[in-house]
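Notes for the one structure printed next.
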Amino acid sequence: QVQLVESGGGLVQAGGSLRLSCVSSGRTFSADVMGWFRQAPGKEREFVAAITWSGTYTYYGDSVKGRFTISRDNAMNTVSLQMNNLKPEDTAVYYCAGQPIGSYYRDEYHYWGQGTQVTVSS
C-alpha cells in the first residue's frame, strides 16, 4: 500500500518558520515529480511547490516565492518544505503529492497524503 505521510504542521506566529516533511512508503518516488499543495477553508486547493526527481528544478506558487523552499532526499524517501516568514494567509492544510498526471502545478496527482494543518497567527 502506497502512503505519503506529512508531518511538521502546527501553530506559529506571523514571521515564524515551520518545516514540513513527507515520507513515502510502499513505493519509491525517486523518479517522480513531488509536490506540495494547500487548501484553506472555503478555498480551492492551491499549488505551493514542486520538485523534479533529481531536485535540479524547483517550482513555486507566486504567493510563496522567496519564502518557501522545497527539497528532497530520495535515499530517505522524503520531501520537505521549509516555510519562512509565514503569514496569516498561509494558514491551510498542506498536502504532499506524488507523480503528477499532467502539469506539476495542477492538483492532479496519483498519490496524496492526508494533510497537515498549518496555522499562522497574527
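Nothing fancy with the numbering, it's 1 onward along the sequence.
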| remark: dist Asp90:CG -> Arg67:CZ (nearest 0.5 Å) comes out at 4.0 Å
| said: Let's go through Ile70 and Tyr60 carefully: what are the C-alpha distance in whole Å and the side-chain angles of both, what is the deciding distance for side-chain contact (heavy atoms from CB on, under 4.5 Å) to 0.1 Å, and is it a yes or a no? | reply: CA-CA 9 Å; Ile70 188 172; Tyr60 297 94; 3.5 Å; yes
| For Lys43, which residues count as a salt bridge (charged side-chain N to carboxylate O under 4.0 Å, His left out) partner, sequence neighbours excluded? | none
| remark: Tightest non-hydrogen contact, residues Pro100 and Ser103, listed as CB-O, 4.2 Å
| Who passes side-chain contact (heavy atoms from CB on, under 4.5 Å) against Arg27, sequence neighbours left out? | Val2, Phe29, Asp32, Gln99, Tyr111
| Does Val33 reach the side chain of Tyr57, with side-chain heavy atoms less than 4.5 Å apart? | no
| note | Residues Met76 and Thr78: closest non-hydrogen pair is O-OG1, 2.9 Å
| message | Is there a path of hydrophobic side-chain contacts, each under 4.5 Å between heavy atoms of I/L/V/M/F/W/Y residues, joining Phe37 to Val64? | response | no
| task | For residues Thr52 and Tyr59, determine if any side-chain heavy atom of one lies less than 4.5 Å from a side-chain heavy atom of the other. | result | yes
| Knowing that exactly one of Lys87, Glu89, Glu46 qualifies, which makes a side chain to side chain donor-acceptor pair (under 3.5 Å) with Ser63? | Glu46
Please tabulate, for side-chain N and O atoms in residues 17-24, each donor-acceptor pair with protein atoms closer than 3.5 Å (sequence neighbours left out).
{"from": "Ser17", "atom 1": "OG", "to": "Asn84", "atom 2": "OD1", "distance (Å)": "2.9"}
{"from": "Arg19", "atom 1": "NH1", "to": "Gln82", "atom 2": "OE1", "distance (Å)": "3.2"}
{"from": "Ser24", "atom 1": "OG", "to": "Asn77", "atom 2": "O", "distance (Å)": "3.4"}

| note | Closest non-hydrogen contact found for Ala40 with Ala92 is N-CB, 3.8 Å
| query | Do any N or O atoms from the side chain of Glu6 and from the backbone of Gln114 form a donor-acceptor pair under 3.5 angstrom? | reply | yes
| Is the side chain of Tyr109 donor-acceptor paired with the backbone N or O of Tyr104 at a distance under 3.5 Å, no angle test? | yes
| said: Just to verify, which of Leu86, Thr58, Asn85 counts as forming a side-chain contact (heavy atoms from CB on, under 4.5 Å) with Phe68? | reply: Leu86
| message | Determine whether a donor-acceptor pair (N or O, by modelled atom type, separation under 3.5 Å) exists between the side chain of Thr28 and the backbone of Ser30. | response | yes
| task | Check step by step if side-chain contact (heavy atoms from CB on, under 4.5 Å) holds for Val118 and Arg38. | result | CA-CA 9 Å; Val118 171; Arg38 67 186 183 186; over 6 Å; no
| task | Treating Ile, Leu, Val, Met, Phe, Trp and Tyr as nodes and any side-chain heavy-atom pair under 4.5 angstrom as an edge, say whether Tyr95 and Val79 lie in one connected cluster. | result | no
| task | Look up atom CD in Gln117 and atom OG1 in Thr91, then write down how far apart they are to the nearest 0.5 Å. | result | 7.0 Å
| Are Phe47 and Ile51 grouped together when hydrophobic residues (ILVMFWY) are joined by side-chain heavy atoms under 4.5 angstrom apart? | no
| Are side-chain heavy atoms of Met34 and Leu4 found at a separation under 4.5 Å? | yes
| query | Is a side-chain donor or acceptor of Asn74 paired with a backbone partner of Trp53 at a separation under 3.5 angstrom? | reply | yes
| said: Could you check whether any side-chain heavy atom of Trp112 comes within less than 4.5 Å of a side-chain heavy atom of Cys96, counting everything from C-beta outward? | reply: no
